[in-house]
Novice: 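Below are the structure tokens for one structure; questions will follow.
Keep in mind it's a predicted model, so treat the numbers as computed, not measured. Side-chain atoms are counted along with the backbone in the values below, which use heavy atoms only and exclude waters and symmetry mates.
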Amino acid sequence: MFEEEYEAVLADYLGELDLDEAAERYRAHVQAIPVRSTHEGYFSIDKKTKQFVDGKIAARGDFAGQSDDVDAYDLILKDKERLLSFEEPVRFIWSHSALREGWDNPNVFVMGMLKKSDNTTTRRQEIGRGLRLSVDQHGERMDNPVTVHDINELTVVTDESYTDFVTALQREIIESLSARPRKASVEYFVAKTITLADGSASALEKTVAQALYFHLIKNDYIDESGLVTQAYKDARDEGTLAAPTSEALKPLIDYVWPLVDALYLDVPKPTDGRKPKRIPVNEANFNKREFQELWGRINHKAVYQVDFDSNELIDNCIRVLDTSLNVTVMQYLVERGNQVVGLELEQLEAGTGFKVSETKVEHSAVSAGSTVKYDLLGEIAEKTQLTRRTCAAILTGIHQGTFAKFKQNPEQFITEAARLINEQKAAVIVEHLSYDPLDNRYDSSIFTENQTAQDLSKAGDKLKNSVYEYVVTDSKVERSFVEKLDVSDEVVVYSKLPRGFFIPTPVGDYNPDWAIAFRDDDTKIKHVYFVAETKGSLSTLQLKGVENAKIECARKFFAALNAKTDRDVTYDVVSDYSELMQLVTG
């Protein structure tokens, strides 16, 4: 029955494939596999007649009730590498009983449950065998942050009884996370770890935590109960969050927002596969001469190298530390209150045994005496990923007055010095970065393959000039940008670039947002633009850390690409459609 249905479905599926290189490779691969060879199952085969027979079932022991046919498991448990290779024709596996322990195949993308079972434990075990990171033909895990969610998706085909199972499982996950903080407070932010621009981790000091908490209150980002408001969510989505006034908070503000986000982020629910999830490609726009010309200009892969002098980095760091290192004096939060009458042990352990009636912040220009010893060189070396020798050269080169700030607030001195050094390190890396575009290119199939499941409620109306018929946007700014692109007479064709297309950089892979071809008077391409961001204000002062470094790397990539291919590809950053048109016509 499977073979008959498979042949019919395969013929229909192959007839609908695009006529591109990737589709042709896939078509050749599956058509070369005999139908009888593409599936295998845990159904015993009589060695004499070669016919399927009922498998042997273990009557006792740990495997009671399971298949006892050893040959049926060899391909799966002993020859996993062979099963995962393209040389092995088996692509569909059947089982009439539970799999033995040892199942270790990571490349399971579809599971069809033909047996109805209300056993929750069995269902968990079955699904768990499919929830593993897949690997390629070389055994490398498909965990690139850009494409990991596109590739690693498990589809479970089953009956309606799974609806209740999924609902119950989701509820259990949420309940298990109920202890996660939901309310903002100074105590919540204190000592929380944030990730800085260079990827290093840093714990928030109490002064910064207080400044962040008061900043949220001042801008109505939290209510009286400490819960995150809709005003914060909207500003976060639109890129219009207010800038802080606190000097201690300013350099860290871009890295503390995830702590606020964690207070309201919900657990994602599984996607219902019955609903549309793939955004169709507009074949006419995709095949337009202008878009094919555009894609041919930009689809080069590349490698990069960085070469810089440590002395240059040391000199830059000394200069910036002497001019920009700000360390506030120590602040002490003094709380006064009364012990709760009838204090219980649980209250004492929870820190609720005293009712605070007054708080006061006091400052001290001289650090209080302490027995705490700081490994200054070690701390800065760890946060900057530089050698102790380099860090020592930087610290011994700064002015005596700058170094004296260490006594005022040792922890902030270390945090701020490391941040400034990391900024200079990023600047030096970008400055001395060079790209070498390769002849190897991205295949056009990335526009259709491995699309992430999309919530089409955010897709807006059907588009006329886009390569994709719909574009899912995350903010009002981006939605407005798409709408104006689609009605612009100057735009021939444009596309939201697929996540599989990225530029390698020293600070992580970078996926530009848009590729746009403009019409000239003679209908030829005038300029090709990549728009890196379309959220809020994008001044140089607001593009900090990793984001700014990636953008600067992209500028160098396209400059190298233009030099090698002798073609004009313009890359720039805009905040809205008006700014884009100023660059086009300027």
Side-chain angles (χ1 to χ4, degrees), residues 1-43 45 72-95 103-112 129-144 146-157 273 277-281 283 286-287 292 295 299 301 438-453 498-502:
M1 182 185 299
F2 166 77
E3 291 173 4
E4 292 175 359
E5 295 295 330
Y6 173 78
E7 286 185 307
V9 172
L10 180 64
D12 290 341
Y13 182 75
L14 294 182
E16 297 175 357
L17 285 180
D18 297 328
L19 299 177
D20 55 35
E21 183 180 349
E24 287 302 319
R25 289 198 302 268
Y26 176 78
R27 182 181 285 106
H29 176 66
V30 296
Q31 288 181 334
I33 300 175
V35 179
R36 297 298 299 270
S37 301
T38 197
H39 68 101
E40 182 61 85
Y42 300 121
F43 303 91
I45 300 177
Y73 294 91
D74 283 350
L75 178 62
I76 306 302
L77 299 185
K78 294 183 179 179
D79 300 318
K80 181 181 66 173
E81 289 76 12
R82 173 186 152 202
L83 180 62
L84 294 176
S85 71
F86 285 110
E87 286 70 29
E88 172 56 49
V90 173
R91 300 171 64 243
F92 298 86
I93 298 173
W94 303 84
S95 172
W103 170 269
D104 193 27
N105 187 336
N107 285 11
V108 176
F109 299 97
V110 180
M111 303 181 74
R129 292 186 175 107
L131 294 176
R132 300 185 179 183
L133 284 176
S134 60
V135 300
D136 62 11
Q137 61 267 37
H138 306 296
E140 299 292 333
R141 285 190 173 187
M142 296 290 94
D143 57 358
N144 188 302
V146 178
T147 59
V148 62
H149 297 294
D150 297 338
I151 297 174
N152 295 283
E153 180 179 87
L154 174 67
T155 299
V156 181
V157 184
K277 61 180 181 180
R278 293 190 63 179
I279 300 178
V281 171
E283 294 290 344
F286 181 80
N287 292 320
Q292 292 302 314
W295 179 239
N299 62 1
K301 296 184 179 180
L438 306 174
D439 292 332
N440 192 16
R441 295 169 176 258
Y442 285 100
D443 196 284
S444 59
S445 61
I446 66 174
F447 284 88
T448 56
E449 291 182 346
N450 303 318
Q451 279 196 39
T452 308
R499 296 181 64 190
F501 175 80
F502 57 84

Novice: What distance separates Asp443 CG from Phe501 CZ, expressed to the nearest 0.5 Å?
Specialist: 13.0 Å
Novice: Within this structure, what is the OG1-CD distance for the pair Thr38 and Glu88, rounded to the nearest 0.5 Å?
Specialist: 9.5 Å
Novice: Could you grab the distance from atom CD of Glu3 to atom CG of Leu10, nearest 0.5 Å is fine?
Specialist: 13.0 Å
Novice: List the residues meeting ring pair (Phe, Tyr, Trp, His ring centres under 6.0 Å) with Tyr6, not counting sequence neighbours, and say none if there are none.
Specialist: Phe2, Phe92
Novice: Nearest heavy-atom pair of Gly500 and Tyr442: which atoms, and what distance?
Specialist: O-CE2, 3.4 Å
Novice: Would you please name every residue forming a side chain to side chain contact (heavy atoms under 4.5 Å, CB included) with Ser444, sequence neighbours left out?
Specialist: Asp20, Phe286, Trp295
Novice: To the nearest 0.5 Å, tell me how far Ile279 CD1 sits from Phe447 CZ.
Specialist: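 Taking CD1 in Ile279 and CZ in Phe447, the distance rounds to 13.0 Å.
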Novice: Please answer whether the main-chain N or O of Asp143 pairs with a side-chain N or O of Asn152 as donor and acceptor at a distance below 3.5 Å.
Specialist: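 No.
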Novice: Could you measure the distance from the CD atom of Glu7 to the CG atom of Asp12? Nearest 0.5 Å is fine.
Specialist: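 CG of Asp12 is found 12.0 Å from CD of Glu7.
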Novice: Sequence neighbours left out, what passes side chain to side chain contact (heavy atoms under 4.5 Å, CB included) with Glu4? Give chain and number order.
Specialist: none
Novice: Can you establish whether the number of heavy atoms outside Arg141 located under 6.0 Å from its atom CZ is more than 12?
Specialist: no
Novice: With sequence neighbours excluded, what pairs up with Asp439 under the salt bridge (Lys or Arg N to Asp or Glu O under 4.0 Å) test?
Specialist: Lys564
Novice: Return the set of residues passing side chain to side chain contact (heavy atoms under 4.5 Å, CB included) with Gln31 (not counting sequence neighbours), or none when no residue passes.
Specialist: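 Expected list: Leu14, Arg27.
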Novice: Has the side chain of Tyr13 got a donor or acceptor atom that lies under 3.5 Å from a matching backbone atom of Ala8?
Specialist: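 Answer holds: no.
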Novice: With sequence neighbours left out, write down each residue that passes salt bridge (Lys or Arg N to Asp or Glu O under 4.0 Å) with Arg91, or none if nothing qualifies.
Specialist: none
Novice: Sort out for me which residue in Asn107, Ile151, Val135, Leu133 forms a side-chain contact (heavy atoms from CB on, under 4.5 Å) with Met142.
Specialist: Ile151
